[in-house]
Structures are given as structure tokens and as C-alpha cells.
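The structure appears below as C-alpha cells.
Residue numbers run from 1 in the order of the sequence given.
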Amino acid sequence: MTAPMNPDEFRTALENAIKGKSANKSPFSLAWASGKLSRDHLSRWAENHYHYVGPFADYLGYIYARMPEQYVEAKDFLLANMYEEEIGGDRHTDLLIRFGEACGTSRERMTDPENMSATTRGLQSWCYAVAMREDPIVAVAGLVVGLESQVPSIYRKQTPTLRDSYGFTDEEVEFFDLHIVSDEIHGERGYQIVLEHARTVEMQQRCLKICEVGAQMRLLYTTALYNDYVAGDVKLGRVAPMEPELAGIGGV
């Protein structure tokens with residue numbers, strides 16, 4: 001490529017970098033959406049997910065600190081995102097803990113890092129490394145576009161099952177309802193920041209690559225939850241069609 005893509009071309013390329021790698025395609029997500037998981041399985045998810053999303057404001061803080069001061073709107077977005085995570089109403093991790101407790105686990109287990117899997121530890125470490133080391137715009141592409149923008153599509157498939165199949169109350173699933181709305185806004189704002197500031201061929205290619213890697217990291221994290229906690233109890237069979245490149249992941 002000898003010239004930068006225009007915004008429409010770049011937006012499509014970013015979407016394609018994630019396409020086919022959504023965590024919706026993981027066996028854990030398929031089992032969840034089809035109502036095959038037990039509350040014990042969901043407890044293990046909550047214990048792991050706490051250590052992935054719990055530090056999200058920290059990840060954003062590292063990016064904020066290194067974002068060029070002239071990128072005022074990008075800095076404002078990061079600050080607002082951190083505020084929403086931590087003090088803009090109910091703390092998001094407290095909502096996650098409420099769900100975990102409804103599944104049967106405890107705040108003590110969820111906050112104990114000994115209860116996360118090695119794959120979860122790897123995803124958390126990757127997020128910290130991206131936030132602390134990558135160019136800030138590339139980091140936004142990885143963490144906000146590659147990871148956060150996926151959340152609404154994932155939770156829209158899982159949340160109805162939590163109510164209809166598992167019998168959770170609206171209060172117990174507030175974590176999911178909140179993120180369907182907030183992360184759609186955050187994901188779109190992340191796209192706009194990347195489209196505005198990644199203007200060179202080299203920057204665009206770095207953003208595309210990190211979006212792809214971010215999507216792969218979340219897919220592998222979610223697949224590992226199935227392998228580590230569910231595979232011995234639940235066999236999926238043919239719950240839903242898998243995309244060709246994902247066939248065989250997680251023993252499916």
C-alpha cells in the first residue's frame with residue numbers, strides 16, 4: 001500500500017480485521033447463548049472476567065497519560081470512559097460482582113487473582129502492555145475497537161438467556177444491560193478517534209494489526225474458559241455453525 005486509506009476504506013478494513021474472530025464464536029459463548037452452562041460455570045466466568053475488565057480504567061489511564069495534549073477530544077473520551085467505569089454511578093466491577101454472587105461465587109473469590117486462569121492472566125497482561133507501550137492511537141485501536149466494540153454484540157446474545165433460561169433478575173444482570181449501551185457508544189467513539197488520527201500508511205497498518213490481535217485475544221480467552229471449566233461437563237454438538245477458521249477451537 002502506497003497511500004493511506006480514506007476514512008470509509010479504513011473503517012471497513014478495521015471492521016474486517018475483527019470479523020470472523022468475535023468471541024461470539026467461542027464454544028463458551030455458544031454454550032452460554034444456548035442455555036447449556038450451569039451457574040457454577042458462570043461463576044468461573046465471573047471470577048475470570050473480573051480480572052480482565054476490572055483494570056480497564058487502569059488501561060485507559062496509561063493511554064490517557066501518553067495521549068498528545070492536542071488530541072483534546074481523544075483525551076476527553078478516555079477520561080469520560082474511566083469516570084463511567086469507576087465513579088459515574090454504580091462501579092462496573094461492583095455490578096459484575098453482584099452477578100457473580102447471584103451465580104454462587106463470592107466477592108472474595110472474584111477479587112483473588114489466584115482464581116483466574118493462565119489465559120486470563122495473559123489477556124490482562126496484553127492489555128497492560130498495549131496501554132503502556134503502544135502509540136496511544138494504536139492502543140485505542142487495540143483496546144477500544146478490537147476489544148470493547150465487540151461487547152454489545154456478545155451481550156445481546158447472552159443477556160436474554162440469563163433472564164429466560166437461568167432466571168436471573170434485572171438487577172442481577174444490570175452489568176450486561178449497561179454494557180450493551182455504554183460499549184456501543186465507546187466502541188463507536190474509538191473508531192472515530194482512530195479514523196481521525198491514524199493518517200499514515202504505517203499507522204493504519206499498525207491499527208489494523210492490533211485490532212486483529214485484540215479480537216484473537218478475546219476469542220482465545222473465552223475459548224479457554226470452555227476448555228478449563230466446561231468441556232468435561234458440556235458437549236456442544238452442533239449448537240450453531242462455526243466459521244471455517246474457527247472449526248476445531250476448544251474441542252468443538
Side-chain angles (χ1 to χ4, degrees), residues 1-25 52-53 56-85 88 123 126-157 178-222 243-246:
M1 186 180 297
T2 58
M5 290 175 275
N6 66 43
D8 289 340
E9 292 170 335
F10 189 28
R11 173 65 182 253
T12 299
L14 288 166
E15 291 171 349
N16 287 338
I18 301 170
K19 189 176 180 179
K21 304 173 188 69
S22 169
N24 271 328
K25 303 298 183 180
Y52 159 43
V53 301
F56 214 87
D58 294 346
Y59 311 149
L60 298 177
Y62 284 113
I63 302 173
Y64 177 87
R66 299 187 303 109
M67 185 69 71
E69 62 179 305
Q70 65 268 30
Y71 292 1
V72 175
E73 291 186 1
K75 290 181 76 76
D76 287 350
F77 159 72
L78 293 167
L79 197 60
N81 199 338
M82 286 186 277
Y83 175 83
E84 289 177 26
E85 290 283 343
L123 175 59
W126 182 82
C127 290
Y128 273 119
V130 168
M132 296 171 70
R133 298 176 182 174
E134 290 287 352
D135 178 276
I137 298 303
V138 176
V140 169
L143 298 185
V144 181
V145 177
L147 293 178
E148 198 172 13
S149 74
Q150 290 191 55
V151 170
S153 68
I154 297 169
Y155 289 172
R156 282 194 182 99
K157 291 186 177 181
L178 174 65
H179 283 83
I180 289 172
V181 176
S182 66
D183 285 355
E184 189 160 48
I185 297 169
H186 295 167
E188 180 57 33
R189 190 68 191 97
Y191 269 108
Q192 295 306 317
I193 289 169
V194 173
L195 293 174
E196 180 178 357
H197 295 294
R199 297 289 186 86
T200 67
V201 172
E202 189 263 345
M203 277 291 289
Q204 288 182 348
Q205 291 304 309
R206 288 174 64 187
C207 289
L208 289 173
K209 184 60 180 179
I210 206 163
C211 278
E212 178 183 7
V213 173
Q216 289 171 333
M217 291 292 291
R218 183 162 189 151
L219 174 58
L220 292 174
Y221 151 73
T222 313
E243 296 194 18
E245 65 268 29
L246 301 179

Step-by-step side chain to side chain contact (heavy atoms under 4.5 Å, CB included) determination, Leu147 to Tyr52: CA-CA 11 Å; Leu147 293 178; Tyr52 159 43; 3.6 Å; yes

Residue pair Pro4 / Val201: nearest heavy atoms and the distance that separates them: N-CG2, 3.4 Å

Heavy-atom side-chain proximity of Cys207 to Phe10 below 4.5 angstrom: yes

Flag side-chain contact, heavy atom, 4.5 Å: Arg218 against Glu148: no

Residue pair Leu219 / Ala23: nearest heavy atoms and the distance that separates them: CD1-CA, 4.1 Å

Atom pair OH (Tyr64) and CG (Asp58), whose distance is rounded to the nearest 0.5 Å: 15.0 Å

Pairwise distance CD1(Ile137) to CD1(Ile210) - rounded to 0.5 angstrom: 12.0 Å

Gln205 vs Thr200 side-chain heavy atoms within contact, under 4.5 Å: no

Side chain to side chain contact (heavy atoms under 4.5 Å, CB included) between Val53 and His179, intermediate numbers included: CA-CA 12 Å; Val53 301; His179 283 83; over 6 Å; no

More than 12 heavy atoms of other groups within 6.0 Å of Lys209 NZ: no

Atom pair CG/SG of Leu143 and Cys127 - distance to nearest 0.5 Å: 5.0 Å

With Glu134 via side chain to side chain donor-acceptor pair (under 3.5 Å) - residues at least two apart: Arg206

Where Gly146 and Ile18 come nearest, the two heavy atoms and their spacing: CA-CD1, 4.0 Å

Asn16 CG to Leu208 CG distance, which is reported to the nearest 0.5 Å: 9.5 Å

Arg133 vs Tyr128 side-chain heavy atoms within contact, under 4.5 Å: no

Spatial distance of atom CG (Asn81) from atom CG (Asp76) [nearest 0.5 Å]: 12.5 Å

Separation of Gln150 CD from Cys211 SG (nearest 0.5 Å): 10.0 Å

Other residues, nucleotides, ligands: >12 heavy atoms within 6.0 Å of Tyr62 OH: no

Heavy-atom closest pair, residues Pro68 and Pro136: CD-CG, 4.3 Å

Run the side-chain donor-acceptor check on residues 189-198: report pairs under 3.5 Å with partners two or more places apart or on a different chain.
residue	atom	partner	partner atom	Å
Arg189	NH2	Glu73	OE1	3.3
Gln192	NE2	Glu188	OE2	2.7

For Trp126 against Gly214, the heavy-atom pair lying closest together: CH2-CA, 3.4 Å

Side chain to side chain contact (heavy atoms under 4.5 Å, CB included) evaluation trace for Arg66 with Asp135: CA-CA 8 Å; Arg66 299 187 303 109; Asp135 178 276; over 6 Å; no

Candidate pair Glu84 and Ile185, rule side chain to side chain contact (heavy atoms under 4.5 Å, CB included), full reasoning: CA-CA 12 Å; Glu84 289 177 26; Ile185 297 169; over 6 Å; no

Heavy-atom side-chain contact between His186 and Val151 under 4.5 Å: no

